[in-house]
Every structure is written in structure tokens, then in C-alpha cells.
Number of protein chains: 2
Amino acid sequence: MVKPISQTMEKTEKISTEVKILAAAEEVFLKSGYDGSRMQEIADLAGINKAMLHYYFRSKDALFERIFEQKFSQFFPKIQELTTMPISFTEKVCIYVELHTNLLRQNPYLPLFIINTVHKNNDFVKKMPLLLFSEFAKSYYTDLAANKVKDLNPLQFLMSVMSMCVFPFLSKPILCSSINISDQDFDTLMNNRPEEIKRYVRAILMP
Amino acid sequence: MVKPISQTMEKTEKISTEVKILAAAEEVFLKSGYDGSRMQEIADLAGINKAMLHYYFRSKDALFERIFEQKFSQFFPKIQELTTMPISFTEKVCIYVELHTNLLRQNPYLPLFIINTVHKNNDFVKKMPLLLFSEFAKSYYTDLAANKVKDLNPLQFLMSVMSMCVFPFLSKPILCSSINISDQDFDTLMNNRPEEIKRYVRAILMP
DNA sequence: GTCTATATCTGGATAGAC
DNA sequence: GTCTATCCAGATATAGAC
């Protein structure tokens with residue numbers, strides 16, 4: 001039994017059909033991915049007819065692409081301004097950890113959705129270049145010259161930090177089943193996670 | 001005891017077809033997942049008819065389940081005997097890193113396949129309990145009592161180590177597109193990865 | 001055991017009334 | 001803009017000849 005989105009909204013003042021569709025599509029696509037999603041399911045959730053989906057968005061592909069572009073831009077936290085701030089590399093990484101972990105706690109389905117999509121068709125990504133790495137690397141080498149960080153491979157290091165932030169959300173089902181922890185336990189684990197990762201980051205970077 | 005030729009031939013043929021199907025199914029399911037795979041594609045790859053798939057394995061579901069169980073048991077490296085060996089916790093973790101990274105380099109599709117499947121239906125996992133964590137934790141607390149490792153949360157730590165091993169294979173498309181590295185570059189990155197992770201592990205655990 | 005042909009069903013997309 | 005009814009391709013599964 002699916003409740004239409006319009007009913008769950010506080011203001012029932014005529015929400016546009018397009019918005020209802022987008023909200024429903026986002027929920028369904030994020031949960032089930034492209035292949036696993038049905039247009040009928042999206043229509044039911046939006047509380048409208050299946051034909052309307054094709055009236056507003058030409059096809060399933062078009063609707064999906066619309067959702068993907070919107071969500072992909074959310075996948076990485078907003079840290080552009082951070083890269084130019086006059087703080088150490090270690091501090092920058094710690095702030096990134098904080099931001100990304102919080103972002104993912106609010107969007108736990110995001111990682112699997114993004115990763116599945118780019119594995120099927122990485123053309124999606126090519127439109128959206130990420131300038132993060134080169135900026136971070138520059139900051140790293142500045143601090144390395146000042147002997148403020150250990151000598152290591154910055155790409156390997158940043159890949160590791162991102163791994164520690166993202167992967168737990170991907171492996172949650174395995175984790176919960178295999179060592180038998182509840183959803184609440186998992187949440188507290190994720191609440192404590194940024195502090196734990198930041199400790200690791202400082203230990204690794206300490207010269 | 002020699003069997004009649006006709007029987008031997010018959011049996012050989014039977015097994016051969018079954019093996020061909022399993023090999024093809026494994027390749028297709030691993031690359032595309034359950035939803036993205038077509039029985040026709042499996043049949044073509046096995047060089048047999050589509051109807052044969054249903055003759056040997058009742059349905060797509062049954063065939064998939066067969067493949068999943070086989071692959072899931074491969075997802076974690078064989079380290080049961082390792083947990084009882086008289087070496088330090090740090091050493092055990094380092095050996096795990098080596099084993100898991102090598103395993104994944106030979107099966108780069110495995111992580112996404114496993115994770116997608118358990119997200120869709122985690123009943124699969126419940127049949128296969130993993131005893132790894134408790135054994136590792138025991139070893140950690142022994143070394144902690146001897147002041148050989150830093151005081152930290154072993155679950156968070158082990159989750160981090162596994163993240164660093166597995167996640168790069170999941171994020172490869174994003175990585176390659178966003179910072180423009182080639183497949184060869186990625187391979188060398190993964191070749192060097194175990195050494196890099198082990199350095200991090202030692203830095204984090206150093207008391 | 002292996003094939004061809006076909007049944008059956010699902011899901012995306014369209015036509016046309018209102 | 002919104003609906004009902006329908007089309008049609010594609011996919012799983014089965015029937016039946018050999």
C-alpha cells in the first residue's frame with residue numbers, strides 16, 4: 001500500500017504534478033536503481049497516472065537522467081571554497097570527512113545509486129568534472145614542503161579517506177547480518193564515525 | 001572398474017553443458033547483476049539454446065542463487081586459520097589486506113555484485129554467517145592488554161581497513177573519469193595499494 | 001539432452017476521449 | 001492536463017518434436 005506523496009506533504013495547496021513526479025521518481029530510482037524501477041511504481045507513489053509520466057518527461061530514460069544529474073551533483077559535499085582557505089591540509093581533510101559523513105547519513109542510498117549508474121554508463125560522469133583532487137593535492141604538497149605532513153602518495157591517501165567515509169553505507173546489509181547489529185547500532189556507529197576517521201587521518205599524516 | 005564408453009560420453013556431455021552454463025551465467029550476472037542480465041545473453045555466451053537453461057536450472061532465480069552462493073563465499077579471503085596463528089593483531093590485519101586486495105584485483109566485479117544483491121535481498125547473507133570479526137576483535141584486545149596497539153574501537157577500525165581495500169574497485173569509473181586516469185594507471189595504483197594501506201594500518205595502530 | 005516454436009506476462013510507450 | 005484503453009517489444013518459461 002503506497003501513500004501518494006501529495007498526501008504526505010504538509011501544504012496541500014496544489015503541488016504541481018511535475019514536482020510530485022520528480023519526488024516520486026527520486027525515491028524509487030534511488031532505492032531500486034534504473035533496472036529495478038518501474039514507471040508504474042513511480043506513478044503510484046506520485047498519486048497520478050502512468051501516462052502522465054510520459055507527458056511530462058518523454059521517457060523513462062529522460063526521467064532517470066534528470067534525477068541522476070540532480071543527485072550526482074549532491075554526492076560530493078560543497079568544498080570548493082574550502083580548498084582556497086588558509087588552513088592546513090590535515091584540517092581540510094578533516095572538514096571533508098565531517099561534511100561527507102553527514103551528507104551520507106542524510107542520504108544513505110546515494111552511494112549505491114551513483115556507483116551503479118556510472119558502472120552502467122560512465123558517460124554520465126564525463127559531463128561533470130570534479131576539480132577536487134588537484135586542489136587537495138596542491139595543498140598537500142605545500143604542507144609537505146613545510147614538513148608538516150608525512151611523505152606519501154596523496155591520491156592513495158585521499159582515496160582511502162573517501163573509502164572510509166562512503167563504504168560503510170554500501171556494506172551496511174552485510175555488516176548488520178554478519179555481526180548481527182541493529183539499525184540503531186549502525187546509526188550510532190555512523191554518528192561516531194567522523195571522529196574516528198579524523199583520528200586515523202591525523203595518525204597517518206603525522207610526520 | 002571401467003565404465004562403458006557410451007555412459008562415460010553421456011556423463012561427460014552432461015557435465016560439460018552444465019559447466020558451460022555456470023561459467024556463462026557467472027560472467028553475465030557479475031557484469032550486469034540480476035535485473036540487468038538476460039537469459040538469452042547467458043545462452044549465447046554458453047553457446048547453447050535458451051531452453052537448456054531452464055532444463056538444467058529451473059528458473060532465472062534458481063540459476064542466480066546458485067551463482068551468488070558460490071561467489072559470496074569467495075568474497076572474503078580465506079583467513080580462518082590465520083586468526084589462530086601466534087602473530088600480532090597488526091600482522092594479521094596486514095595479511096588480510098594483502099589477501100583481500102589480491103583477491104579483488106582478480107575479481108574486480110565481485111564487490112558491486114555482492115553489494116547489489118544483499119541490498120535487494122539480505123536473506124541471502126543470513127545463511128552465511130561470518131565469524132571473522134569476533135576472532136579479530138579477540139586478537140585486538142589481547143594486544144591492547146599488552147600495550148602493543150593503540151586504544152580504539154576495533155569495529156570502526158576493521159570497517160575502515162575493509163573500506164580501503166574494497167571501495168576503490170567500486171569507485172573506479174568515477175575515479176577514472178573525474179581525474180582522468182587510464183586503466184593501466186588504475187592497475188598500478190591497485191598494485192601499490194596493499195603496501196600503502198599497510199603503512200596506514202601501522203600508523204593508526206602504533207601505541 | 002537438445003532444439004524450434006510458442007505461450008504468457010510484464011513493462012514502456014502511445015492514441016484518443018474528455 | 002488528465003484519464004482509460006491499448007499497443008507492442010522484449011523477456012521468462014513451457015510444449016513438443018527429434
Side-chain angles (χ1 to χ4, degrees), chain A residues 2-7 9 12-68 113 116-117 120-121 124, chain B residues 3-68 116-117 120-121:
Chain A
V2 183
K3 208 174 185 182
I5 289 214
S6 57
Q7 287 185 16
M9 300 252 184
T12 40
E13 263 185 38
K14 186 65 179 174
I15 299 147
S16 82
T17 303
E18 188 173 331
V19 169
K20 281 193 289 184
I21 292 175
L22 285 171
E26 179 177 320
E27 186 172 335
V28 173
F29 280 139
L30 249 76
K31 185 165 57 72
S32 310
Y34 180 86
D35 290 329
S37 298
R38 300 293 99 111
M39 293 293 265
Q40 185 63 60
E41 195 183 347
I42 295 172
D44 291 346
L45 189 62
I48 49 106
N49 192 277
K50 203 172 53 160
M52 297 300 291
L53 300 179
H54 292 91
Y55 177 80
Y56 278 93
F57 307 89
R58 234 170 45 84
S59 64
K60 184 182 180 183
D61 281 47
L63 180 55
F64 182 83
E65 197 159 336
R66 172 74 173 267
I67 299 295
F68 177 78
F113 174 73
N116 270 320
T117 308
K120 285 193 59 168
N121 182 2
F124 278 131
Chain B
K3 275 186 181 174
I5 294 215
S6 58
Q7 277 188 22
T8 314
M9 289 292 288
E10 238 182 74
K11 186 154 195 184
T12 308
E13 279 302 311
K14 206 192 287 181
I15 290 169
S16 163
T17 301
E18 190 174 327
V19 168
K20 279 193 289 182
I21 292 174
L22 285 171
E26 179 179 320
E27 186 171 334
V28 172
F29 280 140
L30 250 76
K31 185 164 57 76
S32 311
Y34 181 85
D35 290 328
S37 298
R38 299 294 100 112
M39 294 294 263
Q40 185 63 61
E41 194 183 348
I42 295 172
D44 291 347
L45 189 61
I48 49 108
N49 192 275
K50 207 172 48 164
M52 296 300 291
L53 300 179
H54 291 92
Y55 176 79
Y56 279 93
F57 307 89
R58 233 172 43 86
S59 63
K60 183 183 180 181
D61 280 47
L63 180 54
F64 181 83
E65 198 159 334
R66 172 76 173 266
I67 298 295
F68 177 78
N116 270 320
T117 308
K120 283 193 62 168
N121 181 2

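Chain letters run A, B, ... following the sequence lines, proteins first, then strands; residues in each count from 1.
- If you take CG of B:Asn49 and C1' of D:dT12, they are 13 Å apart, rounded to a whole angstrom.
- In this model, the phosphate group of C:dT2 is approached by a side-chain N or O of B:Thr17 to a distance below 4.0 Å at OP1 or OP2.
- For the pair B:Leu63/B:Tyr56, no side-chain contact is recorded, criterion being any heavy-atom separation below 4.5 Å from C-beta on.
- If you take CD of B:Glu18 and P of C:dT2, they are 11 Å apart, rounded to a whole angstrom.
- Residues of residues 21-36 of chain B having a heavy atom closer than 4.0 Å to DNA chain D: none are found.
- Atom pair A:Ile15:CD1 and D:dG1:C1' shows a separation of 17 Å (rounding to whole Å applied).
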What do the steps show when you test B:Glu26 against B:Leu22 for side-chain contact (heavy atoms from CB on, under 4.5 Å), and what is the final call? CA-CA 6 Å; B:Glu26 179 179 320; B:Leu22 285 171; over 6 Å; no
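- As a whole-Å value, the separation of A:Ile42 CD1 from C:dG12 C1' is 11 Å.
- Distance, B:Arg38 CZ to D:dA11 P: 5 Å, rounded to whole Å.
- Within the structure, ring pair (Phe, Tyr, Trp, His ring centres under 6.0 Å) contacts touching residues 32-51 of chain B (residues at least two apart or in different chains) are B:Tyr34-B:Phe64.
- Separating the CD atom of A:Gln40 from the P atom of D:dC3 is a distance of 12 Å, rounded to the nearest angstrom.
- Taking the side chain to side chain donor-acceptor pair (under 3.5 Å) definition, one finds that A:Glu18 meets it with nothing, sequence neighbours left out.
- Rounding to the nearest 0.5 Å places CD1 of A:Ile42 at 9.5 Å from CD1 of A:Ile21.
- Here the CG-CZ distance, from B:Asn116 to B:Phe68, works out to 10.5 Å after rounding to the nearest 0.5 Å.
- Interatomic distance, A:Lys60 NZ to A:Asp35 CG, rounded to the nearest 0.5 Å: 6.5 Å.
- In this structure, the CZ atom of A:Phe64 is 14 Å from the P atom of C:dA13, given to the nearest Å.
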Distances under 3.5 Å only, N/O to N/O: pair up the protein atoms with those of nucleotides 6-8 of chain C.
none

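- Rounding to whole angstrom units, CE of residue B:Met39 and C1' of D:dA11 are separated by 10 Å.
- At a non-hydrogen distance threshold of 4.0 Å, A:Ala51, A:Met52, A:Tyr55, A:Tyr56 from residues 51-61 of chain A come into contact with DNA chain D.
- One distance of note links CD of A:Glu27 with CD1 of A:Ile67; it measures 11.0 Å at 0.5 Å rounding.
- Of the candidates C:dG11, C:dC3, D:dT4, C:dC3 carries the atom nearest the B:Ile48 side chain, counting heavy atoms from C-beta on.
- For the pair A:Arg58 (side chain) and A:Tyr55 (backbone), a donor-acceptor distance under 3.5 Å is absent.
- Checked against side chain to side chain donor-acceptor pair (under 3.5 Å), A:Asn121 has no partners two or more places apart in sequence or in another chain.
- Within the 4.5 Å cutoff, the side chain of A:Glu41 has heavy atoms near those of the A:Lys31 side chain.
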